[in-house]
Amino acid sequence: MRPILSAERVQKRFGAFTAVDDVSFDVAEGEFLTFLGPSGCGKTTMLRMIAGFEAVSSGRMLLDGADMSRVPAYRRPVGMVFQNLALFPHMSVFENVAFGLSVERQPRDRIHQRVGQSLELVDLAGYGDRMVHQLSGGQRQRVALARSLVIEPRILLLDEPLGALDLKLRRQLQTELRTLQQRTGTTFIFVTHDQEEAMSMSDRIAVFNAGKIEQIAPPSEVYTRPSSVFVADFVGESNVLKGCSRGGRIEVEALGTALGDPEHRSDGQQVWVSVRGENLRLSPAEDSDVPGCAKVEMLEYAGLHAKAHLSVGQADARLTAIIAPSEAEILSVGSRVRLEVREYVVLTH
Ligand code: ATP
């Protein structure tokens, strides 16, 4: 099936600075794609190029197979929701949601019907007469969504729309947003720097770093098979350790052991081994100064799990293990533990 959106070798330069560097990806119709990455990595710039607010410096952007380079923002079939929402404070909820349709000079009956449907979709039926300042943060968020969905965009672009909300409301709206996306079947492209948010909502995540996409894959794949040290480090609680290939195995000093190498690299190749916190198993040990052992420096409880911060004297390394609270109870600061690695990924860059 033809993708709804294709970015082909897209680049954006601001003077001598390259904000988006040779980025290519496809988005399938009805997909929830998230751009994830640290501040300044080019996520918003990419989104603004899709919307048409920024011109592409080189490369092409195709929407439904048509090149968008000469199509101005207002003619593109995309909607956008911003972090600051940009609602009109002097207008009622109804007028805010109706705005796009009024600009299109749609008949009044049609506007009433579609605004009603949109408000119902975001659970705000009956709120049409309220002024924006009479709404809670979450309700304003829903008005902004209704306003961008009412024009039935082919793609809805969302730039950190939940960024300003407190954690509980944010989690609630994440679920609502995902449900809304599935119910309407609209293609969503969502920008965030919050990896948990990206994990919980997306069909696929594009991990951005310094203007490039490092990996684009479903959340579970990004998590279990990161393609680079950057992705392993940015997504989830990962221990990224230096290793060296020898005799078809990877010697990892911090773990005091050699791990199997599925790719049987040649001797002497420097690599990194990424071990998720939950893939480190700890068992009591006599000594922490022998290979494969560590000392507990700090214990942190976090509800469903606990974190053990460990030091490995021999390799001068720090590790974090995610363990069950019951396991944490038998440890204390200063405990000596033996390390066992359950799963890991070998990375070359
Ligand atoms: P954040 O999460 O902080 O919003 P981001 O990943 O969305 O970050 P962008 O806003 O896309 O990052 O910015 C990418 C880079 O491009 C930044 O270094 C930024 O300073 C630069 N940049 C963005 N817009 C312009 C502009 N109009 N002129 C010059 N540089 C710009």
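Numbering of ligands and ligand atoms starts at 1, following listing order. All values below come from the heavy atoms of this structure, side chains included, with hydrogens, waters and symmetry mates left out.
Under the ring pair (Phe, Tyr, Trp, His ring centres under 6.0 Å) criterion, Phe35 pairs with Phe25, Phe208, not counting sequence neighbours. Taking the salt bridge (charged side-chain N to carboxylate O under 4.0 Å, His left out) definition, one finds that Asp261 meets it with Arg265, sequence neighbours left out. Residues that satisfy the salt bridge (charged side-chain N to carboxylate O under 4.0 Å, His left out) test with Glu340, not counting sequence neighbours, are Arg281.
Because its NZ or CZ atom is not both nearer than 6.0 Å to the ring centre of Phe188 and within 45° of the ring axis, Arg178 does not count as a cation-pi partner of that residue.
Side chains of Ile50 and Leu157 form a contact here, defined as non-hydrogen atoms less than 4.5 Å apart.
Around atom CD of Glu263, no more than 12 heavy atoms belonging to other residues, nucleotides or ligands sit under 6.0 Å away.
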Note every protein N or O atom lying under 3.5 Å from an N or O atom of ligand 1, pairing the names and giving the distance.
{"from": "ligand 1", "atom 1": "2 (O)", "to": "Lys43", "atom 2": "NZ", "distance (Å)": "2.9"}
{"from": "ligand 1", "atom 1": "3 (O)", "to": "Ser39", "atom 2": "OG", "distance (Å)": "2.6"}
{"from": "ligand 1", "atom 1": "6 (O)", "to": "Gly40", "atom 2": "N", "distance (Å)": "3.4"}
{"from": "ligand 1", "atom 1": "6 (O)", "to": "Cys41", "atom 2": "N", "distance (Å)": "3.0"}
{"from": "ligand 1", "atom 1": "6 (O)", "to": "Gly42", "atom 2": "N", "distance (Å)": "3.0"}
{"from": "ligand 1", "atom 1": "6 (O)", "to": "Lys43", "atom 2": "N", "distance (Å)": "3.1"}
{"from": "ligand 1", "atom 1": "6 (O)", "to": "Lys43", "atom 2": "NZ", "distance (Å)": "3.0"}
{"from": "ligand 1", "atom 1": "7 (O)", "to": "Thr44", "atom 2": "N", "distance (Å)": "2.9"}
{"from": "ligand 1", "atom 1": "7 (O)", "to": "Thr44", "atom 2": "OG1", "distance (Å)": "2.7"}
{"from": "ligand 1", "atom 1": "8 (O)", "to": "Gly40", "atom 2": "N", "distance (Å)": "2.7"}
{"from": "ligand 1", "atom 1": "11 (O)", "to": "Thr44", "atom 2": "N", "distance (Å)": "3.4"}
{"from": "ligand 1", "atom 1": "11 (O)", "to": "Thr45", "atom 2": "N", "distance (Å)": "2.9"}
{"from": "ligand 1", "atom 1": "11 (O)", "to": "Thr45", "atom 2": "OG1", "distance (Å)": "2.5"}
{"from": "ligand 1", "atom 1": "12 (O)", "to": "Gly42", "atom 2": "N", "distance (Å)": "3.4"}

